[in-house]
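Report on the following structure.
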Amino acid sequence: MEQLKIYGGNRLEGTLTVQGAKNSVLPILAASILVKGESILRNCPDLKDVDAAISILRHLGAVVTRDGKDIHINATHITKCDIPDTLMREMRSSVIFLGAILGRMGEAVLSSPGGCELGPRPIDLHLGALRALGAEISEQGGNIICKSAKLQGAEINLSSPSVGATENAMLAAVSANGETIITNAAREPEIMDLQDFLVAAGAKISGAGQSTITIIGGGVGKTVDHRIIPDRIVTATYLSATAFVGGRVELLDCMPEHVATVTDALQAAGSEITIRGQDITIKSNGALQAISPVITRPYPGFPTDAQPCLVAASVKNRGTTVFIENIFQNRYRYVEELRRMGADIKLEGRVAMVTGVDGLTGAGVSATDLRGGAALVVAALGAAGETTVSEIEHIDRGYDNIESALRSLGADIQRISS
Ligand code: EPZ
């Protein structure tokens with residue numbers, strides 16, 4: 001089993017280029033199923049979730065090769081329409097393949113995605129969107145079966161702006177007959193990146209980034225060469241780490257407008273943030289102050305995925321910082337592990353109250369989920385002594401070589417096999 005061993009106390013100094021976005025490359029890998037030819041994706045991160053998505057594409061019949069940060073997919077011959085249970089279990093967000101498989105094959109079979117570390121992960125909004133497009137959906141023996149000889153464009157009103165449901169609706173609507181209008185759509189940057197990929201492939205889509213997206217069906221047909229946007233949550237993670245331990249870090253190629261709510265919070269806490277084009281420089285003396293409540297909301301609100309790292313970076317703030325988690329039911333599982341390091345955090349349902357302590361002490365902790373695990377790394381960087389973080393496969397799902405990235409900034413961190 002691998003662990004991360006971290007000796008806290010080093011300031012972070014230097015320059016880092018931010019990896020490509022996990023939550024963009026995954027739906028775009030799904031979208032490549034719709035292209036009966038070659039898609040080239042650039043700036044792809046090296047992640048376990050990307051490996052899982054590539055396994056699904058290969059299972060379906062696509063030819064996929066990886067060359068560093070470039071992934072080449074040839075989906076000319078897609079011969080299957082099912083995602084095996086083993087692959088579904090590897091990655092909960094495999095549900096994002098549903099709309100593309102249905103659009104390409106007229107049928108899609110996948111095992112119902114179990115819950116995950118963040119609580120139950122229903123897909124009612126995904127299925128409702130596909131039904132609106134004419135899909136017949138049944139459940140048999142733990143499998144979800146979607147069928148449609150030909151999807152028909154429709155009005156799809158999402159009762160909540162689900163990122164995945166928006167993406168599935170877009171991917172199915174591209175292959176439908178006629179016009180689809182998605183209202184109350186998610187507005188995340190990854191939705192805009194997916195639209196850019198699909199438009200480059202020949203789809204007629206507009207509106208991504210706003211609450212209404214319009215798709216004129218008719219499929220896609222052109223070879224695509226697309227660069228994945230930077231990962232805004234990884235950006236938020238390294239900014240939070242620098243704010244917490246102190247130092248001066250320049251993050252390159254990170255699309256600052258995508259993390260405006262995070263940089264605003266870190267500035268309010270006392271960090272100095274400078275933005276130049278696509279680069280962000282953060283300077284901090286490591287002595288932060290409490291800020292007004294941090295409330296997670298759908299984009300462009302404060303991102304739920306950045307909540308754990310900002311909580312970790314707030315544990316020594318002078319005063320008390322309140323966090324309200326509105327997106328996932330169970331996103332504070334990592335807090336118990338922070339308490340083992342000496343953090344003073346009270347939980348009451350969706351509310352976390354973080355009261356500043358003088359310091360943290362290194363301990364043996366376990367990653368509970370992807371972003372919770374990253375929060376433990378942030379805390380360990382600012383703790384006295386040694387911390388070992390176990391269950392780091394959670395972290396590897398979303399961070400490309402986190403230890404190399406942080407070591408390049410001066411952190412004392414290494415991956416060990418125990
Ligand atoms: C995407 O998950 C991201 N994952 C998540 O990132 C992110 O936290 C989330 O969007 C919110 O921004 C990927 O893009 C691969 P949702 P997704 O559908 O699509 C409920 C990370 O750490 N809901 O917007 O699953 C759901 O239970 C991951 O990188 C329904 O009730 O998120 C949740 O409470 C974690 N019914 C809320 O909506 C549905 O049909 C938001 O979910 C779908 C969702």
Side-chain angles (χ1 to χ4, degrees), residues 19-31 45 47-50 52-53 56 88 90-99 112-132 137 144 156-171 182 184-194 211 228-229 231-237 258-259 261-262 296-310 325-334 350 367-375 394-400 402:
Q19 71 183 60
K22 166 178 85 78
N23 293 346
S24 182
V25 69
L26 293 179
I28 290 176
L29 282 168
L47 305 172
K48 289 166 73 77
D49 272 8
V50 172
I56 291 172
M88 270 305 288
E90 253 183 71
M91 181 176 69
R92 187 258 164 217
S93 39
S94 307
V95 68
I96 191 51
F97 280 82
L98 189 55
S112 46
C116 75
E117 318 85 20
L118 303 180
R121 298 291 289 275
I123 60 169
D124 54 313
L125 299 175
H126 299 246
L127 301 182
L130 299 183
R131 278 197 187 93
I137 297 172
I144 294 166
I156 298 172
N157 177 41
L158 296 175
S159 54
S160 72
S162 153
V163 172
T166 301
E167 292 165 344
N168 259 327
M170 288 166 73
L171 291 170
I182 305 169
N184 198 25
R187 297 174 54 192
E188 274 71 2
E190 294 78 23
I191 305 278
M192 293 187 259
D193 205 25
L194 177 60
S211 296
I228 300 295
I229 59 171
D231 193 308
R232 59 193 170 96
I233 307 303
V234 170
T235 301
T237 304
H258 292 169
V259 288
T261 53
V262 177
T296 68
R297 294 188 177 94
Y299 195 89
F302 189 92
T304 174
D305 293 347
Q307 172 258 96
C309 291
L310 189 63
E325 170 56 49
N326 287 317
I327 307 295
F328 287 109
Q329 280 178 11
N330 199 10
R331 189 144 226 184
Y332 290 125
R333 293 173 69 228
Y334 65 93
R350 291 180 176 270
T368 52
D369 55 80
L370 165 55
R371 306 302 176 186
H394 289 294
I395 301 174
D396 291 338
R397 284 186 43 221
Y399 291 83
D400 186 344
I402 192 168

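In listed order, ligands and their atoms are each counted from 1.
With Gln19 contributing its side chain and Gly398 its backbone, the two residues share a donor-acceptor pair below 3.5 Å. Side chain of Asn184 to backbone of Asn157: no donor-acceptor contact under 3.5 angstrom is found. At least one donor-acceptor pair under 3.5 Å links the side chain of Tyr332 to the backbone N or O of Arg350. For the pair Asp49 (side chain) and Met91 (backbone), a donor-acceptor distance under 3.5 Å is absent.
Atom CZ of residue Arg371 and atom CZ of residue Arg333 lie 15.5 Å apart, to the nearest 0.5 angstrom. Atom CG of Leu194 sits about 4.0 Å away from atom CE of Met170, to the nearest 0.5 Å. Atom CZ of Phe97 is separated from atom CD1 of Ile56 by 4.5 Å, given to the nearest 0.5 angstrom. The structure places NE2 of His126 at 11.5 Å from CG of Leu171, a figure rounded to the nearest 0.5 Å. Distance check, rounded to the nearest 0.5 Å: CG of Leu47 to CG of Asp396 gives 8.5 Å. Here the straight-line distance linking atom CG of Asn23 with atom CD1 of Ile28 works out to 11.0 Å at 0.5 Å rounding.
Shortest non-hydrogen contact noted between Arg397 and Lys22 is O-CD, 3.4 Å. Smallest separation of non-hydrogen atoms from His258 and Ile229: CE1-CD1, 4.2 Å. Residues Ile191 and Ala186 share a closest heavy-atom pair of CG1-O, 3.8 Å.
Closest to atom 23 (N) of ligand 1 by heavy atom, among Ala306, Pro122, Pro308, Ala53, is Pro122.
Regarding atom 40 (O) of ligand 1, its nearest protein heavy-atom neighbour is Leu125 N, 2.7 Å. If you check which protein heavy atom lies closest to atom 38 (O) of ligand 1, you get Ser160 OG, 4.5 Å. Nearest to atom 36 (N) of ligand 1 among the protein's heavy atoms is Asp124 OD1, 2.7 Å. Of all protein heavy atoms, the one closest to atom 15 (C) of ligand 1 is Asn23 OD1, 3.3 Å. The protein atom (non-hydrogen) at minimum distance from atom 17 (P) of ligand 1 is Arg121 NH2, 3.9 Å. Taking atom 32 (O) of ligand 1 as the reference point, the nearest protein heavy-atom neighbour is Phe328 CZ, 4.1 Å.
Within a 4.0 Å radius of atom 20 (C) of ligand 1, the protein contributes no non-hydrogen atoms.
At a heavy-atom distance under 4.0 Å, atoms from both the backbone and the side chain of Ser162 approach ligand 1. Contacts with ligand 1 closer than 4.0 Å are made by side-chain heavy atoms of Arg371 only, the backbone lying farther away. Only the side chain of Leu370 comes within contact range of ligand 1, with a heavy atom under 4.0 Å; no backbone atom does. Within the 4.0 Å heavy-atom criterion, neither part of Ile96 lies near ligand 1. Contacts of Thr304 with ligand 1, taken as heavy-atom pairs under 4.0 Å, involve the side chain alone. Under 4.0 angstrom from ligand 1, there are no non-hydrogen atoms of Glu190. When non-hydrogen atoms are compared, ligand 1 lies under 4.0 Å from neither the backbone nor the side chain of Met91. Contacts between Val163 and ligand 1, counted as non-hydrogen atom pairs separated by less than 4.0 Å, involve both the backbone and the side chain.
For ligand 1, the atoms lying closer than 4.0 Å to a non-hydrogen atom of Lys22 are 21 (C), 29 (O). Near Arg331, meaning under 4.0 Å from any of its heavy atoms, are these atoms of ligand 1: 8 (O), 22 (O), 35 (C). The Ile123 neighbourhood of ligand 1 comprises atoms 39 (C), 40 (O), with distances under 4.0 Å to a heavy atom of that residue. Numbered from 1 in the order shown, with element, the atoms of ligand 1 that lie under 4.0 Å from a heavy atom of Ser93 read 15 (C). Those atoms of ligand 1 with a heavy atom of Gly164 less than 4.0 angstrom away are 18 (O), 19 (O). Listed by number with element, the atoms of ligand 1 under 4.0 angstrom from any heavy atom of Asp305 are 5 (C), 6 (O), 7 (C), 8 (O), 21 (C), 22 (O), 28 (C), 29 (O), 35 (C).
By the 3.5 Å distance cut-off applied to N or O atoms, Ile327 is counted among the residues near ligand 1.
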| task | Go through Thr304 and Glu325 one step at a time and tell me if the side-chain contact (heavy atoms from CB on, under 4.5 Å) criterion holds. | result | CA-CA 7 Å; Thr304 174; Glu325 170 56 49; 2.9 Å; yes
